A.B. asks: 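The structure is given below, and queries will be raised subsequently.
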Amino acid sequence: MPNKNLALLTYGCQMNEYDSEKIGGILQGEGYQLTDNLEEAQLILVNTCCIREKAEQKFYSQLGRLAGLKKKNPSLAIGVGGCIAQREGKRIFERAPQVDLVFGTQNISRLPELLRQLRQGKGKVADVAQVKGEFVSPHIRRESTVKAWVTIMQGCNNFCSFCVVPYTRGPERSVPGEMILDEIRGLARQGYKEVTLLGQNVNAYGKDLVDEGAFPGLLSRVDDLDGIERIRFTTSHPKDLSEELMGAMARLAKVCEHIHLPVQAGSDSVLDRMNRRYTAGEYRAKIARLRALLPSIGISTDVIVGFPGESQEDYARTRELIEEVEYDSLFLFKYSARPETVAATLSDQVPEEVKQERFEEILALQKGITLRKNQELEGKRVEVLVEGASKKDPAKLTGRTRTHKIVNFRGPEGLVGHLVELEVIQGKLYSLEGRLALKEPR
Ligand code: 5AD
Ligand code: SF4
């Protein structure tokens with residue numbers, strides 16, 4: 001009797017991590033056991049990402065390693081899902097004959113059926129059909145017992161000129177509000193304290209459904225649920241960040257004071273060619289409004305350097321904006337041309353050395369800002385939801401502030417899953433050190 005050990009390799013964004021939790025849950029229901037040891041797996045599924053070229057290269061080199069494993073164990077089955085699978089479909093079989101199964105981003109609930117077809121031995125199996133409303137998959141094997149992701153919408157209609165997501169995740173589809181609330185009620189019953197509502201552009205939530213209200217309404221319905229103590233959401237598109245939503249963030253007690261608001265660039269001409277549909281001035285005004293409503297708000301962003309045609313002037317505007325906004329954290333990317341996207345066809349691509357120079361300069365600039373902002377918190381009290389032992393130092397516990405900063409501290413394990421009050425004793429680059437303030441955990 002062959003074992004049913006499953007290894008699940010996940011690349012990319014939170015959406016992929018969440019999809020992997022679904023895959024794990026569904027296949028556990030089919031009798032599979034998850035293993036981290038690739039050598040003992042009978043089935044290896046790779047959940048792929050193609051947002052940047054590097055992610056894609058990583059996947060193909062991983063496939064090379066998997067081919068080696070298959071030589072040793074010919075009964076090993078290899079499946080590829082996620083964004084590369086969605087884009088490439090059956091073409092993956094030509095490039096990588098060791099792959100047996102390809103499944104798209106919207107076919108996860110069909111996995112048991114696809115694996116049955118594979119076991120019947122009639123050859124390779126692929127399904128990347130774009131399905132409307134592939135939402136029902138309640139068996140989720142969640143990584144944490146304290147905080148959980150909940151998909152509220154899939155896909156994206158924005159077509160930023162650099163981005164492959166609208167091609168791999170399809171058009172925007174919102175999950176009906178009642179389904180979302182049911183999922184969160186279930187999480188609350190299991191003791192979860194925090195939910196993060198996930199979508200490529202959550203601010204467009206509900207626009208594709210006839211009877212559904214907009215995102216602020218959903219937030220307020222989630223805020224009303226008992227048991228959940230904290231609500232986060234990501235990602236917000238600056239053009240869709242409405243006054244109503246900012247007001248809801250300020251009004252609703254459980255919605256945390258943090259926003260991830262990707263700016264991408266500080267130059268209007270670059271923003272225009274990126275098809276972002278806001279100006280740097282409009283973006284600044286929204287940041288100012290957020291800070292007026294929520295003075296302690298933590299703000300993070302994404303920035304791309306080296307977009308086609310980005311001049312030294314354009315780049316200087318990005319640097320200025322970063323200096324001015326003073327983000328709490330910043331995810332920085334070098335532009336990478338993606339198949340099918342409009343930006344990939346632009347002629348004035350920026351040389352790699354220039355991209356690298358700009359990348360290093362902004363990285364250094366932001367490091368200074370992040371460190372200074374974290375040090376400013378020394379001596380202050382923060383509320384932290386305790387998530388578990390710190391990975392780096394298992395003798396300590398770890399959790400996040402409402403503003404999304406990681407805090408490590410010493411304390412009893414029984415605090416996991418509770419909100420505690422900590423005093424910040426040291427601000428570091430990627431985390432804060434804290435100590436328990438004398439107050440009962442909630
Ligand atoms: N090149 C570089 N960065 C990209 N991103 C998306 N597409 C590309 C690309 N082609 C970045 C954007 C986005 C984040 C998730 O990834 O900054 O917000
Ligand atoms: Fe990509 Fe733009 Fe959609 Fe974000 S909003 S997923 S960057 S197309």
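Owing to the predicted nature of the structure, the values given are computational and were not obtained by experimental measurement. Remember, it's 1-based here, ligands and their atoms both numbered in the order they're listed.
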A.B. asks: How far is atom 7 (N) of ligand 1 from its nearest protein heavy atom, and which residue and atom is that?
C.D. replies: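 Heavy-atom neighbour on the protein nearest atom 7 (N) of ligand 1: F162 CD1, 3.3 Å.
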
A.B. asks: Taking the cut-offs as 6.0 angstrom to the six-membered ring centre and 45 degrees off its axis, would you call K239 and Y278 a cation-pi pair?
C.D. replies: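 No.
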
A.B. asks: Does any N or O of ligand 1 fall below 3.5 Å from an N or O anywhere on R52, backbone included?
C.D. replies: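 Yes - when backbone and side-chain N and O of R52 are compared with those of ligand 1, one distance drops under 3.5 Å.
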
A.B. asks: With a 4.0 Å cut-off, would you call K373 and E378 a salt bridge?
C.D. replies: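 Here K373 does not pair with E378 in a salt bridge, since their nearest N and O are not under 4.0 Å apart.
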
A.B. asks: Could you tell me whether K405 and D328 make a salt bridge, using a distance below 4.0 angstrom between a side-chain N and a carboxylate O?
C.D. replies: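 So K405 pairs with D328 through a salt bridge.
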
A.B. asks: Considering non-hydrogen atoms of the protein only, which is the closest contact for atom 6 (C) of ligand 1, and what is the distance?
C.D. replies: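 Answer, as residue, atom name and distance: I51 CG1, 3.4 Å.
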
A.B. asks: Are E88 and R91 within salt-bridge range, i.e. N to O under 4.0 Å?
C.D. replies: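 Here E88 pairs with R91 in a salt bridge, since their nearest N and O are under 4.0 Å apart.
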
A.B. asks: Do E194 and K254 sit within salt-bridge range, that is, some charged N less than 4.0 Å from a carboxylate O?
C.D. replies: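 The answer is no: the pair does not qualify as a salt bridge.
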
A.B. asks: With respect to atom 4 (C) of ligand 1, which of I304, V305, V165, D302 exhibits the smallest heavy-atom separation?
C.D. replies: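 That would be I304.
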
A.B. asks: What part of F333, side chain from CB on, backbone N/CA/C/O, both or neither, has a heavy atom under 4.0 Å from ligand 1?
C.D. replies: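 Near ligand 1, F333 shows its side chain, while the N, CA, C and O stay back.
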
A.B. asks: Do R52 and Q57 have a side chain donor and acceptor closer than 3.5 Å?
C.D. replies: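 R52 vs Q57: no donor-acceptor pair found between side chains.
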
A.B. asks: With a 4.0 angstrom cut-off on heavy atoms, strictly below it, pick out the residues next to ligand 2 and order them by chain and number.
C.D. replies: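 C156, N158, F159, C160, F162, C163, V165, P166, Q200, H237, R276.
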
A.B. asks: Please list the nearest protein heavy atom to atom 9 (C) of ligand 1 with its residue and the distance rounded to 0.1 Å.
C.D. replies: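 Checking every protein heavy atom, the shortest distance to atom 9 (C) of ligand 1 gives S336 O, 3.5 Å.
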
A.B. asks: Just need the protein heavy atom nearest to atom 2 (C) of ligand 1, so name the residue and atom and give the distance.
C.D. replies: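 Protein heavy atom with the smallest distance to atom 2 (C) of ligand 1: K334 O, 3.3 Å.
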
A.B. asks: Once salt bridge (Lys or Arg N to Asp or Glu O under 4.0 Å) is applied, what residue pairs with a partner in residues 257-270 remain, sequence neighbours excluded?
C.D. replies: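 Sorted result for residues 257-270: E257-R402.
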
A.B. asks: Taking the six-membered ring for Trp and the single ring otherwise, decide whether the centroids of H260 and F331 are under 6.0 Å apart.
C.D. replies: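 H260 vs F331: aromatic centres under 6.0 Å.
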
A.B. asks: Check this for me, if you would: do R372 and E376 make a salt bridge, where the nitrogen-to-carboxylate-oxygen distance has to be below 4.0 angstrom?
C.D. replies: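 Yes.
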
A.B. asks: Which of these, R338, Q264, M274, K355, has its nearest heavy atom closest to atom 17 (O) of ligand 1?
C.D. replies: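 Minimum heavy-atom distance to atom 17 (O) of ligand 1 goes to Q264.
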
A.B. asks: Going by distance alone, is a donor N or O of one side chain under 3.5 Å from an acceptor N or O of the other, for Q62 and Y11?
C.D. replies: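 Their side chains do contain a donor-acceptor pair, which is all the 3.5 Å distance test asks for.
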
